[in-house]
2 protein chains.
Amino acid sequence: MSLPHAILTALLEKPSSGLELTRRFDKSIGYFWSATHQQIYRELGRLEREGAIRALPSQGATRGQKKEYEVLPAGRAELARWTAEPQDPKPLRDTLLLRLRAAAVVGAEGIQEELRRHLDLHRRQLAEYEEIERRDFPPEKDAVEDRLRHVVLRAGIDLETFWTRWLTRAIEELGETAGAG
Amino acid sequence: MSLPHAILTALLEKPSSGLELTRRFDKSIGYFWSATHQQIYRELGRLEREGAIRALPSQGATRGQKKEYEVLPAGRAELARWTAEPQDPKPLRDTLLLRLRAAAVVGAEGIQEELRRHLDLHRRQLAEYEEIERRDFPPEKDAVEDRLRHVVLRAGIDLETFWTRWLTRAIEELGETAGAG
DNA sequence: TAATGCATGTAACGAGTTACATGATTTG
DNA sequence: CAAATCATGTAACTCGTTACATGCATTA
């Protein structure tokens with residue numbers, strides 16, 4: 001149950017319409033919590049019904065008409081409650097690792113190219129994060145809020161760094177006698 | 001659509017009953033693809049109907065009676081197909097990062113303890129993986145299949161190492177002027 | 001006025017989660 | 001033989017995904 005809270009956070013940062021939220025879930029917040037526009041509209045409907053957010057007045061209610069939302073006190077309270085609540089990390093779930101394990105049983109045909117492809121994707125993502133860091137967090141003393149956002153961004157950077165290193169090493173080691181299994 | 005393939009992999013490694021699979025999905029394969037017994041029984045039913053696996057003969061069909069499955073050629077072929085097929089990595093989805101971002105908006109009350117708690121959990125997981133590495137992969141030349149499994153395990157080790165380092169640094173940096181937001 | 005893009009939705013499905021139900025086997 | 005445990009399942013629900021539908025605004 002995190003999507004509603006992701007939306008509340010995004011709306012507190014800036015009141016938005018469904019489509020604007022969708023765009024922001026393609027970057028920024030979306031870097032660590034993605035969502036499609038269908039999910040977002042469904043959730044906006046729920047949050048409005050429950051009184052956590054409201055459509056800004058002067059926004060027509062018809063279809064095809066832009067509709068901006070803002071967070072109500074109840075919504076902010078719920079977000080604060082959820083943020084402070086203990087939550088265990090979710091167990092890892094990764095298809096690439098699963099496929100390597102499967103490859104040990106049915107053969108590693110074509111796995112090398114797939115590893116190289118993933119390495120390339122992770123390198124691009126890493127470059128994107130580093131670009132954001134240069135742009136948004138120049139080396140100065142940050143305010144507390146910025147420091148929190150910076151720490152989050154660095155998780156992304158460190159994670160992509162981990163993947164590129166691990167993939168590089170995996171490609172080397174599996175390449176030695178590579179090919180089939 | 002990865003659970004059926006995880007099950008096929010597990011069954012190829014060793015024919016098993018539903019409960020045995022459930023146990024193995026609590027460790028081993030479960031370290032990077034977890035599943036509950038309800039998911040597993042449902043999926044075993046589907047795989048059997050589709051002719052990918054079959055119950056070993058001499059296994060009663062009644063409830064409460066142990067029932068072992070083995071993979072049929074069709075199942076192995078499907079697993080090989082899926083393993084070789086290109087698949088993009090899934091975007092990151094992490095509630096702790098989301099909560100840090102939310103904390104920048106609604107206040108960071110209690111976040112420090114949560115970070116320390118997660119650090120402890122990740123350290124334990126790391127220790128568990130390292131123990132497995134010592135036990136199952138002593139420093140010798142591995143066969144190709146073992147090398148694949150070793151690479152997968154090292155992904156787990158490196159990933160937990162990343163989390164412990166990132167959390168340690170985050171705790172330091174947020175601690176400096178810590179507390180509220 | 002037809003096409004394109006912006007904006008908000010519906011419908012149907014699949015995967016994962018939680019709670020519960022039932023039968024068989026061991027053991028106190 | 002009662003209780004605990006092993007083992008297999010059902011049911012209901014939530015969340016995420018895919019495909020499609022509808023209305024408004026601009027512009028070629």
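Each chain gets a letter, A, B and so on, in the order its sequence line appears, and its residues count up from 1.
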Student: Quick one: the side chain of A:R42 and the base of D:dG16, do they pair up donor-acceptor inside 3.5 Å?
Tutor: yes
Student: Can you pull out the residues from residues 3-34 of chain B that lie within a 4.0 Å heavy-atom distance of DNA chain C?
Tutor: B:L3, B:W33
Student: Looking at B:K66 and B:E20, is any side-chain nitrogen of the basic one under 4.0 Å from a carboxylate oxygen of the acidic one?
Tutor: yes
Student: Think A:R46 has a side-chain N or O under 4.0 angstrom from the OP1 or OP2 of D:dC15?
Tutor: yes
Student: Tell me whether the side-chain N/O atoms of B:Q38 come closer than 4.0 Å to OP1 or OP2 in C:dG16.
Tutor: no
Student: If we ignore hydrogens and angles and just use 3.5 Å, is the side chain of A:E78 paired with the main-chain N or O of A:G75 as donor and acceptor?
Tutor: no
Student: Report the C-alpha separation of B:R101 and A:E13 in whole Å, then their side-chain angles, then the decisive distance to 0.1 Å, and conclude whether the salt bridge (Lys or Arg N to Asp or Glu O under 4.0 Å) test is met.
Tutor: CA-CA 10 Å; B:R101 179 96 174 211; A:E13 288 174 353; 2.9 Å; yes
Student: With nearest nucleotide decided by heavy atoms, which residue, A:M1 or B:H37, maps closer to the 5′ end of DNA chain D?
Tutor: B:H37
Student: Would you kindly give the CD-to-C1' distance between A:E48 and C:dT8, to the nearest whole Å?
Tutor: 13 Å
Student: Establish, with yes or no, whether the OP1 or OP2 oxygen of D:dG9 is under 4.0 angstrom from a side-chain nitrogen or oxygen of B:K67.
Tutor: yes
Student: Taking CD from A:E43 and C1' from D:dC15, how many angstroms apart are they, rounded to a whole number?
Tutor: 9 Å
Student: Let me know the distance between CG of A:L92 and C1' of C:dG16, rounded to the nearest Å.
Tutor: 16 Å
Student: Identify the heavy atoms of B:A6 and B:I29 that sit nearest to each other, and give their distance.
Tutor: O-CD1, 3.9 Å
Student: Mind calculating the distance between CD (B:Q39) and P (C:dT18) to the nearest angstrom?
Tutor: 10 Å
Student: Less than 4.0 Å between a side-chain N and a carboxylate O, is that true for B:D120 and B:R124?
Tutor: yes
Student: Quickly, which of B:Q125, B:R117, B:R123 forms a side chain to side chain contact (heavy atoms under 4.5 Å, CB included) with B:L121? Name it, please.
Tutor: B:R117
Student: Reckon A:Y41 has a side-chain N or O less than 4.0 Å from the OP1 or OP2 of C:dG9?
Tutor: no
